[in-house]
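As the structure is a prediction and not an experimental result, all values here were calculated from the model. What you see below is based on every heavy atom in this structure, not just the backbone, and it leaves out hydrogens, waters and symmetry mates. All chains are named by letter (A, B, ...) in the order of the sequence lines, taking the proteins before the strands, and each is independently numbered beginning at 1.
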Number of protein chains: 2
Amino acid sequence: MAPDRNRRRIPDATVSRLPVYLRILGEQADEGVESISSEGLAELAGVNAAKVRKDLSYLGSYGTRGVGYEVAYLVYQIRRELGLTHDWPVVIVGAGNLGQALAGYGGFGERGFPVAGIVDIDDAKVGTVLGGTRVRHIDELPQIVATRRVNIGVVATPGAAAQDAADRLVKAGVTSILNFAPVVLSVPRAIEVRKVDLAVELQILSYHEQRRAGGAIHAVQNGNGRSASA
Amino acid sequence: MAPDRNRRRIPDATVSRLPVYLRILGEQADEGVESISSEGLAELAGVNAAKVRKDLSYLGSYGTRGVGYEVAYLVYQIRRELGLTHDWPVVIVGAGNLGQALAGYGGFGERGFPVAGIVDIDDAKVGTVLGGTRVRHIDELPQIVATRRVNIGVVATPGAAAQDAADRLVKAGVTSILNFAPVVLSVPRAIEVRKVDLAVELQILSYHEQRRAGGAIHAVQNGNGRSASA
DNA sequence: AGGCACTCGTGCACACGTTCACAAAGCCAG
DNA sequence: CTGGCTTTGTGAACGTGTGCACGAGTGCCT
Ligand SMILES: NC(=O)c1ccc[n+]([C@@H]2O[C@H](COP(=O)([O-])OP(=O)(O)OC[C@H]3O[C@@H](n4cnc5c(N)ncnc54)[C@H](O)[C@@H]3O)[C@@H](O)[C@H]2O)c1
Ligand SMILES: NC(=O)c1ccc[n+]([C@@H]2O[C@H](COP(=O)([O-])OP(=O)(O)OC[C@H]3O[C@@H](n4cnc5c(N)ncnc54)[C@H](O)[C@@H]3O)[C@@H](O)[C@H]2O)c1
């Protein structure tokens, strides 16, 4: 669209924080806040103010010195940068415990990721309705992806079936995958995969608990020194 | 226990990969594999072999040059380092869509994180049984945490209630929190918080999709050049 | 109009993480 | 016992991310 801008590459760390800023800015906008400083935003996001400024500077110079950032405009710019100016329909593979929770979760569509379809390999699941969407057979996946122009797939099958699910998604034309199965997926280089692994998160917490117990017990629970943490 | 060793601090990046190695090693052990090289493990984990060696070197020198690592022994060492030598009961706050999926998910207890209890503020939910556990009222949280010696809490309430849930968990004595609500929790410094945010993950994928579309269309789907990605 | 208070944008130094490259160490064959 | 092959463990170079510090704009008040 614009003549020249656009070949900036935004650091991964920044990309992962932009959605957080975006949500906070949206909340602020709802509360009628029109302008916010990097310090204010940093406080709400639980990060350093300099980091906020540097992150936002990758989008361009959209702040006003001495004043701060105009909330509505910043929301617009972040949304544009994240590609949230239009919806991204997603397809969910696996209609078990997790697939049902995801399908029944409204916040999905609200945030621009409507569920274009849910598929399962189990005929017993096919035909049931979850969150307003009927479960279809996995053989219909290519058709769903094609007709609904789906780019993002969600893998919510058991680990043993996750690679198969990913293969089918890729073959159907999906280019980004969100994987909930505790498995390292093997996909073509061009496909973007992100993994959400419950067990890993819990084990990281376990590590810190164990370490806490092992160290000297100067665990003086400082009950009010609060710190925001992402 | 041992006299001196133990005041090594393991880098965060390494801690977050150890659970992945652990799962893979477990699978290998089940298949009867007794020994594995850093290269083999790296392949399965989708990372660089040097990284595997450096990660494992933080645990000590448990490999044998010219041979590799003994799978069973390595499993033992990683489990010990992660504090997985005993169970860590968890308590889930919020018995909605997500809380139900978590409770109904067996892989939780299997991996050493049995569900010690689920609580909700809604009387309509209290008393129902999920995955073998009866939902109890949130006022019983302190008692559950105390009697079951729970250190880890899971927040699965709507965003608006997440801070309240976290406050109650902290007050009850929990020291680690896994937060599924799209909210930055404010907790005492001593409390470890990890966040799993669906919307953030999807928006990161969206960013890459958008970028893909914006760039020159040399998206020559190289259909076989496969790469494992965590 | 001038000065002042405020906040952005960014150069720089430092910390952390990744990858390469190679010596040291172990195994095995002859 | 020696030589050759394999694979670890780690120093060093490089890349990425973080946070400070401060110059440079901007708005407001007098
Ligand atoms: N439920 C949770 O809270 C939870 C938490 C963390 C991780 N996970 C992970 O999420 C995944 C799903 O968990 P779940 O509890 O929903 O499991 P589930 O067994 O309840 O559901 C899995 C569904 O996938 C379907 N399926 C199996 N093979 C398939 C295939 N090849 N193609 C399409 N569909 C297929 C099954 O028919 C079933 O309906 C698992 O990998 C699990 O480890 C789940
Ligand atoms: N369902 C999903 O797939 C999904 C996906 C991503 C994120 N999330 C997030 O997970 C959280 C839960 O989602 P959900 O779909 O289960 O919501 P839900 O509305 O189905 O369930 C929330 C539950 O929390 C209970 N609750 C409310 N306030 C409480 C309080 N103060 N103390 C204790 N319990 C309280 C409610 O009674 C309800 O049972 C939300 O923050 C949501 O954004 C859910």
Q) Under 3.5 Å, side chain of B:Asn151 to main-chain N/O of B:Val174, donor-acceptor pair present? A) no
Q: Given side chain to side chain contact (heavy atoms under 4.5 Å, CB included), test B:Leu59 with B:Ile78 step by step and report yes or no.
A: CA-CA 8 Å; B:Leu59 309 184; B:Ile78 295 178; 3.6 Å; yes
Q. How far does OG1 of B:Thr14 sit from CG of B:Leu56, to the nearest 0.5 angstrom?
A. 9.0 Å
Q: Encode nucleotides 20-30 of chain D as B, S and - characters from 5' to 3', where the letter depends on protein heavy atoms closer than 4.0 Å: B to the base, S only to sugar-phosphate, - to neither.
A: BB-BBBBS---
Q: Could I get the full list of side-chain hydrogen bond (donor to acceptor under 3.5 Å, both in side chains) partners for B:Tyr105, not counting sequence neighbours?
A: none
Q. With a 4.5 Å heavy-atom cut-off, do A:Leu22 and A:Leu74 have their side chains touching?
A. no
Q: Identify, residue by residue, the members of residues 22-39 of chain B with a heavy atom below 4.0 Å from DNA chain D, and return them in order of residue number, or none.
A: B:Ser37, B:Ser38
Q: Could you list the residues that satisfy side chain to side chain contact (heavy atoms under 4.5 Å, CB included) with A:Leu178, not counting sequence neighbours?
A: A:Val154, A:Phe180, A:Arg194, A:Val196, B:Leu198, B:Glu201, B:Leu202, B:Leu205
Q: With sequence neighbours left out, write down each residue that passes side-chain hydrogen bond (donor to acceptor under 3.5 Å, both in side chains) with A:Glu209, or none if nothing qualifies.
A: B:Thr175, B:Ser176
Which protein N or O atoms sit under 3.5 Å from an N or O of nucleotides 13-16 of chain D?
none

Q) Is a side-chain donor or acceptor of B:Arg211 paired with a backbone partner of A:Glu81 at a separation under 3.5 angstrom? A) no
Q: Could you tell me, to 10°, how much the axis swings from one end of the helix from C:dA1-D:dT30 to C:dG30-D:dC1 to the other, five pairs per end?
A: 0°
Q) Going by the side chain to side chain donor-acceptor pair (under 3.5 Å) test, which pairs reach into residues 63-76 of chain A, not counting sequence neighbours? A) A:Tyr73-A:Gln77
Q. Where does the chain A footprint on DNA chain C start and end, counting 5' to 3' with a 4.0 Å heavy-atom cut-off?
A. C:dC6 to C:dC12
Q | Sub-4.5 Å side-chain heavy-atom contact between A:Leu18 and B:Val200 | A | no
(Q) What is the separation between atom CG on B:Leu56 and atom P on D:dT8, rounded to the nearest whole Å? (A) 9 Å
**Q.** salt bridge (charged side-chain N to carboxylate O under 4.0 Å, His left out) partners of residues 10-38 of chain A, not counting sequence neighbours, each pair once
**A.** A:Arg9-A:Asp12, A:Arg17-A:Asp55, A:Arg23-A:Glu27
Q. From A:Ile204 CD1 over to A:Asp197 CG, what is the distance, rounded to the nearest 0.5 angstrom?
A. 9.0 Å
Q) Is there a donor-acceptor pair under 3.5 Å between the side chain of B:Arg111 and the backbone N or O of A:Ala199? A) no
Q. In whole Å, what is the span from the NZ atom of B:Lys51 to the P atom of D:dG9?
A. 18 Å
(Q) Taking side chain to side chain donor-acceptor pair (under 3.5 Å) as the cut-off, I'd like each qualifying pair that reaches into residues 82-91 of chain A, sequence neighbours left out, listed once. (A) A:Trp88-B:Ser206
Q.
Going by the rule side-chain hydrogen bond (donor to acceptor under 3.5 Å, both in side chains), which residues pair with A:Arg168 if we only count those two or more places apart in sequence or in a different chain?
A. A:Asp164
